[in-house]
*Asks:* 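The following block contains the structure, expressed as structure tokens.
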Amino acid sequence: MSLDQSQISLTFPDGNARSYPAGTTPAEVAASISKSLEKKAISAQVNGAHWDLQWPIEADARIAINTMADDAPALELIRHDLAHIMARAVQEIWPEVNVTIGPVIENGWYYDFDRAAPFTPEDLGLIEKKMREIINRRDPVTTEVWDRDRAVAFYKAQNEPYKVELIEAIPGTEPIRMYWHGHWQDLCRGPHLQHTGQVPGDSWKLMSVAGAYWRGDSSRQMLQRIYGVAFQSKEKLKAHLHMLEEAAKRDHRKLGREMNLFHMQEEAPGQVFWHPDGWTIYTQLQDYMRRKQRAGGYREINTPQVVDRKLWEKSGHWDKYQHHMFLVEVDESRDGETDDAAVKDKAQTRINALKPMNCPCHVQVFNQGLKSYRDLPLRLAEFGSCARFEPSGALHGIMRVRGFTQDDAHIFCTEDQIQDECARFIDFLADVYAELGFPEFEIKFATRPEKRVGTDESWDYVEGALENAIKAVGRDYTLEPGDGAFYGPKLDFYLTDAIGRVWQCGTFQVDPNLPERLGASYIAADGDKHRPYMLHRACLGSFERFIGILIENWEGKLPFWLAPRQVVVAAITSEADAYVAEVVAALQAQGVRAEADIRNEKINYKVREHSVGKVPVILAVGAREVEDRTVSVRRLGEKQTSVQPLDAILAALAAEATPPDLR
RNA sequence: GCUGCUGUAGCUCAGAGGUAGAGCACUCCCUUGGUAAGGGAGAGGUCGAGAGUUCAAUUCUCUCCAGCAGCACCA
């Protein structure tokens, strides 16, 4: 502690402290250390907070000066200053454009503009050029804290209404900070670099322009958002652009077409036409899940697709979910001979909905016959085909669709069975994910939201049960306070794919509400009727989306047991054709998906075509193999081939074709 | 749903106010070739749908449909 009020003590990362006048800025601190540090400094950490070099320090503090060698602050400043530089470039080219906000995001930044004419790809080039000019000007960055009214008046005079609105949204306790990059001005909480010349000239790129709502609100003005990416070096930018290319190669829409797995067409937007090879993957996965669920104590059921609105009114979906439902109006008085569907007897018209979820139907199954506490927990599973009217802009390949099938199940149980069922499910899911090639997953625990039903005691109990369950199976989780459903808490499961992307697939939700609405009950040991809890749970989510994830994860090179085409037996000369047929038949008899290629093509051609087609194993046979009863084995991605006896490869491939749960 | 862009042969794409082209794939012929494209020939398209402008529209304009990117949505 300094004795003198006007002096403060600043402690450096090495533990040494020095005394400075109160109000000293990190820039002055850096200068007091060395000329080179003064030049290299970009910002500081003051008591851990990211601090602009120009901001005064008024009290004793821990301080560290940041340079470009400090990754996190360097990237933040580069990206943040580029956001300002881009906005400045845009206003230098088109002075009438209004600026709004421009935050740093993963890998870069964006800035939202209000401009009548759309930005074109050519405009992006112009903006980049102007940005380079601005960087080369090496304009100093300066900052001041302004009085709120002065700032509002300033932006009104500048005709920047969005800035005025932003200031009005800043809490009264926070300062209004203004920044200048040369003459160009922006409202910003900072920090920023010393001058524009500190931004590396060639390690960033403008990527795209797209619409975005002002303040993320779809009822408000649509702005134009320009995205950029930025790194500390040209090499890192290149690596990033390369990674984007790699991700594009995995696109399931592209691979689905190339591998002839499925297609979609405009008469059925958001719905999948599965081709034989794609459907092979689908059925393999479904058969696998069916076996796992049977082993896990689930009973499989199947329920109707077209269900009268009365049930949806009871379940509450009619009120809350109607705009997402496909409705089917049927004139029940039709004679069955009139082809014109538009001719309807309104009085006789019945409104149905395609089911968007399976839960209400599952309660109907539960409700048949009296249930005893001895029947619980009752685990009802369905590969439930659902239809949801998703907004057109949300559709994405087979990942976000309007018609899909969930690996859905509902567990009817008592309150004190929740914890066990939850633990059991986490183990089930971990097992499935590991066998499908996703050993790593995260759990997010979403707790009671503001708007909810049920008593606090009940929430306490159920949340406690979930938490105990996670601990019982020895897993970590992250808390998402307030993110639960209105009726109960939930766990969401996020798996990580081969290139580090995370996907939410599994879910586990506790629901006392729907059994109540739909009148589910069981006879407890005390002889009275009680309400069961309903646990909604899914592991893969939907088959469509999960297969999309599998395709992208494996870049189309699915594990052998899931690969739609497992083996191609290719003749090198037509003299081997009969032997090819024999090998194919022997493989098929072992349950291997094998096909013959005896076309009039060279072996090079065949190898290339089936490699491109991601067939995991090519068996080439020519005169030698026919003679020796062997095959030449070539694995996808390997250049080396090996000659093996027919019997040996039959046994090996049959073993490989066995799904992981049956090994 | 919103903003912008796109829609030409199975796929990837070129093209132009006067009713269309390439490569690959496909079919046939030659070739029997030893591990990522052998050679030749042929066939294939109401240029997403509808309307308008024009002597003439696939090309220009409008509406619709679908796709792509982002936003919003995903109780």
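Remember, predicted model here, so these are calculated numbers, not experimental data. First the proteins, then the strands, lettered A, B, ... as listed; each starts at 1.
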*Asks:* Between B:rU27 and B:rG44, how many Å separate the two P atoms, rounded to a whole number?
*Replies:*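 That atom pair is separated by 15 Å.
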*Asks:* Any side-chain heavy atom of A:Trp318 sitting closer than 4.5 Å to one from A:Leu311?
*Replies:*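 With C-beta onward as the side chain, the pair stays apart.
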*Asks:* Considering only atom P, compute the distance from B:rG50 to B:rU59 and round it to an integer number of Å.
*Replies:*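 Those two atoms are separated by 12 Å.
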*Asks:* What integer distance in Å separates A:Phe113:CZ from B:rC71:C1'?
*Replies:*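 Checked: the CZ to C1' distance equals 16 Å.
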*Asks:* Rounding to an integer number of Å, can you tell me how far A:Gln271 CD sits from B:rG67 C1'?
*Replies:*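 In whole Å, B:rG67 C1' lies 16 Å from A:Gln271 CD.
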*Asks:* Could you tell me whether A:Gly216 contacts a base, only the sugar-phosphate backbone, or nothing, with contacts defined as non-hydrogen atoms closer than 4.0 Å?
*Replies:*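 Here A:Gly216 touches the backbone only, sparing every base.
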*Asks:* Does any nucleotide pair with B:rG1 by Watson-Crick or G-U wobble geometry, both distances under 3.5 Å, and what is it?
*Replies:*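 For B:rG1, the partner nucleotide comes out as B:rC71, under the 3.5 Å rule.
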*Asks:* Can you check each nucleotide of nucleotides 34-43 of chain B against protein heavy atoms at under 4.0 Å and return B for base, S for sugar-phosphate only, - for none, in 5' to 3' order?
*Replies:* BBBBS-----
*Asks:* Measure the distance from CD1 on A:Ile105 to P on B:rA69 and round it to the nearest whole Å.
*Replies:*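 Those two atoms, CD1 and P, are 16 Å apart.
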*Asks:* Can you pull every protein N or O that's under 3.5 Å from an N or O on nucleotides 7-12 of chain B?
*Replies:*
from: B:rC11; atom 1: O3'; to: A:Arg257; atom 2: NE; distance (Å): 3.4
from: B:rU12; atom 1: OP1; to: A:Arg257; atom 2: NE; distance (Å): 3.4
from: B:rU12; atom 1: OP1; to: A:Arg257; atom 2: NH2; distance (Å): 3.1

*Asks:* For the pair A:Asp251 and A:Arg253, find out whether any cationic side-chain nitrogen is under 4.0 Å from an anionic carboxylate oxygen.
*Replies:*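 Counted as a salt bridge, because a side-chain N and a carboxylate O are separated by less than 4.0 Å.
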*Asks:* Relative to the 5' end of RNA chain B, which residue comes earlier, A:Cys359 or A:Asp251, by the nucleotide with the nearest heavy atom?
*Replies:*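 Its nucleotide being nearer the 5' end, the pick is A:Asp251.
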*Asks:* Considering only the P atoms, how many Å lie between B:rG23 and B:rU19, rounded to the nearest integer?
*Replies:*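 Going atom to atom, P in each nucleotide, I get 23 Å.
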*Asks:* One thing to verify: whether A:Arg608 and A:Glu601 come together as a salt bridge, which I'm taking to mean a side-chain N less than 4.0 angstrom from a carboxylate O.
*Replies:*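 No, A:Glu601 and A:Arg608 are not salt-bridged.
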*Asks:* Work out how far the P atom of B:rA75 is from that of B:rG7, and round it to whole angstrom.
*Replies:*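 Result for the P pair: 35 Å, nearest Å.
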*Asks:* More than 12 heavy atoms of other residues, nucleotides or ligands under 6.0 Å from CD of A:Glu246: yes or no?
*Replies:*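 Atom CD in A:Glu246 is crowded, with more than 12 foreign heavy atoms closer than 6.0 Å.
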*Asks:* Between B:rA49 and B:rU8, how far is it from one C1' atom to the other, in whole Å?
*Replies:*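 Rounded to whole Å, the distance is 15 Å.
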*Asks:* Would you indicate what A:Pro391 reaches in the nucleic acid, counting non-hydrogen atoms under 4.0 angstrom: base, sugar-phosphate, or nothing?
*Replies:*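 Base contact.
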*Asks:* Given the C1' atoms of B:rG33 and B:rU12, what is the spacing between them in whole Å?
*Replies:*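 It comes out at 29 Å once rounded to the nearest Å.
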*Asks:* Can you tell me the base-pairing partner of B:rG18? Count Watson-Crick or G-U wobble geometry only, both distances below 3.5 Å, and say none if there is no partner.
*Replies:*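 By the stated definition (distances under 3.5 Å), B:rC55 pairs with B:rG18.
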*Asks:* Closest approach to the side chain of A:Tyr227, judged atom by atom: which nucleotide of B:rC73, B:rC74, B:rC71 is it?
*Replies:*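 The answer is B:rC71, which lies nearest to the side chain.
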*Asks:* If you measure from the Lys or Arg side-chain nitrogens to the Asp or Glu carboxylate oxygens, is any gap between A:Lys614 and A:Asp277 under 4.0 Å?
*Replies:*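 A:Asp277 and A:Lys614: not salt-bridged.
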*Asks:* Does this structure show an ion pair linking A:Arg531 with A:Glu516, if we count only N-O contacts that are shorter than 4.0 Å?
*Replies:*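 A salt bridge is present here (some side-chain N lies under 4.0 Å from a carboxylate O).
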*Asks:* Mind checking if A:His396 touches a base, just sugar-phosphate, or nothing, with heavy atoms under 4.0 Å?
*Replies:*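 Sugar-phosphate contact only.
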*Asks:* If you pin A:Ala485 and A:Gln265 to their nearest nucleotides in RNA chain B, which one's is more 5'?
*Replies:*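 Its nucleotide being nearer the 5' end, the pick is A:Gln265.
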*Asks:* Select base, sugar-phosphate, or nothing to describe what A:Arg253 touches, counting heavy atoms under 4.0 Å on all strands.
*Replies:*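 Sugar-phosphate contact only.
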*Asks:* Are the charged groups of A:Glu656 and A:Arg635 less than 4.0 angstrom apart, N to O?
*Replies:*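 Yes, A:Glu656 and A:Arg635 are salt-bridged.
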*Asks:* More than 12 foreign heavy atoms under 6.0 Å from CD of A:Glu165: is that the case here?
*Replies:*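 Above 12, so yes.
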*Asks:* Between A:Glu390 (CD) and B:rG67 (P), how many Å, whole number?
*Replies:*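 Answer to the nearest Å: 13 Å.
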*Asks:* For the pair A:Asp186 and A:Lys163, find out whether any cationic side-chain nitrogen is under 4.0 Å from an anionic carboxylate oxygen.
*Replies:*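 A salt bridge is present here (some side-chain N lies under 4.0 Å from a carboxylate O).
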*Asks:* Round to the nearest Å and state the distance from A:Glu258 atom CD to B:rA25 atom C1'.
*Replies:*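 Distance, rounded to whole Å: 13 Å.
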*Asks:* Quick one: the side chain of A:Arg400 and the base of B:rC73, do they pair up donor-acceptor inside 3.5 Å?
*Replies:*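 Check passes, donor-acceptor contact within cut-off.
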*Asks:* Please tell me whether A:Thr303 and A:Glu382 have a donor and an acceptor in their side chains that are separated by less than 3.5 angstrom.
*Replies:*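 Note: A:Thr303 and A:Glu382 side chains meet the donor-acceptor criterion.
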*Asks:* Both distances below 3.5 Å, Watson-Crick or wobble geometry, any strand: find the nucleotide opposite B:rG7.
*Replies:*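 Across all strands, the one nucleotide that pairs with B:rG7 is B:rC65.
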*Asks:* Tell me what A:Met207 touches on the nucleic acid: a base, only sugar-phosphate, or nothing, going by heavy atoms under 4.0 Å.
*Replies:*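 Contact class for A:Met207: none.
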*Asks:* Nearest whole angstrom, please: distance from the P of B:rG4 to the CD of A:Gln221.
*Replies:*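 Distance, rounded to whole Å: 12 Å.
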*Asks:* May I ask you to test the A:Arg517-A:Ser315 pair for a side-chain heavy-atom distance under 4.5 Å?
*Replies:*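 SC-SC contact between A:Arg517 and A:Ser315 ruled out.
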*Asks:* Is the shortest side-chain N to carboxylate O distance from A:Arg501 to A:Glu552 below 4.0 Å?
*Replies:*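 Yes, charged N to carboxylate O under 4.0 Å.
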*Asks:* Which whole number of Å gives the distance between the P atom of B:rG17 and that of B:rG10?
*Replies:*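 So the two P atoms sit 26 Å from each other.
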*Asks:* Quick one: A:Leu223 CG to B:rA72 C1', roughly how many Å, whole number?
*Replies:*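 Whole-Å distance recorded here is 13 Å.
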*Asks:* Counting distance alone, no hydrogens or angles: does the base of B:rG1 have a donor or acceptor under 3.5 Å from a partner atom on the side chain of A:Tyr213?
*Replies:*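 Indeed, a donor on one side and an acceptor on the other fall under 3.5 Å apart.
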*Asks:* Contact class for A:Tyr110 (heavy atom, under 4.0 Å): base, sugar-phosphate, or nothing?
*Replies:*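 Contact class for A:Tyr110: none.
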*Asks:* For A:His324 and B:rC73, what is the distance between atoms NE2 and P respectively, to the nearest whole Å?
*Replies:*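 Atom NE2 in A:His324 sits about 10 Å away from atom P in B:rC73.
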*Asks:* What does B:rC26 pair with, Watson-Crick or G-U, if both distances are under 3.5 Å?
*Replies:*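 Partner of B:rC26: B:rG42.
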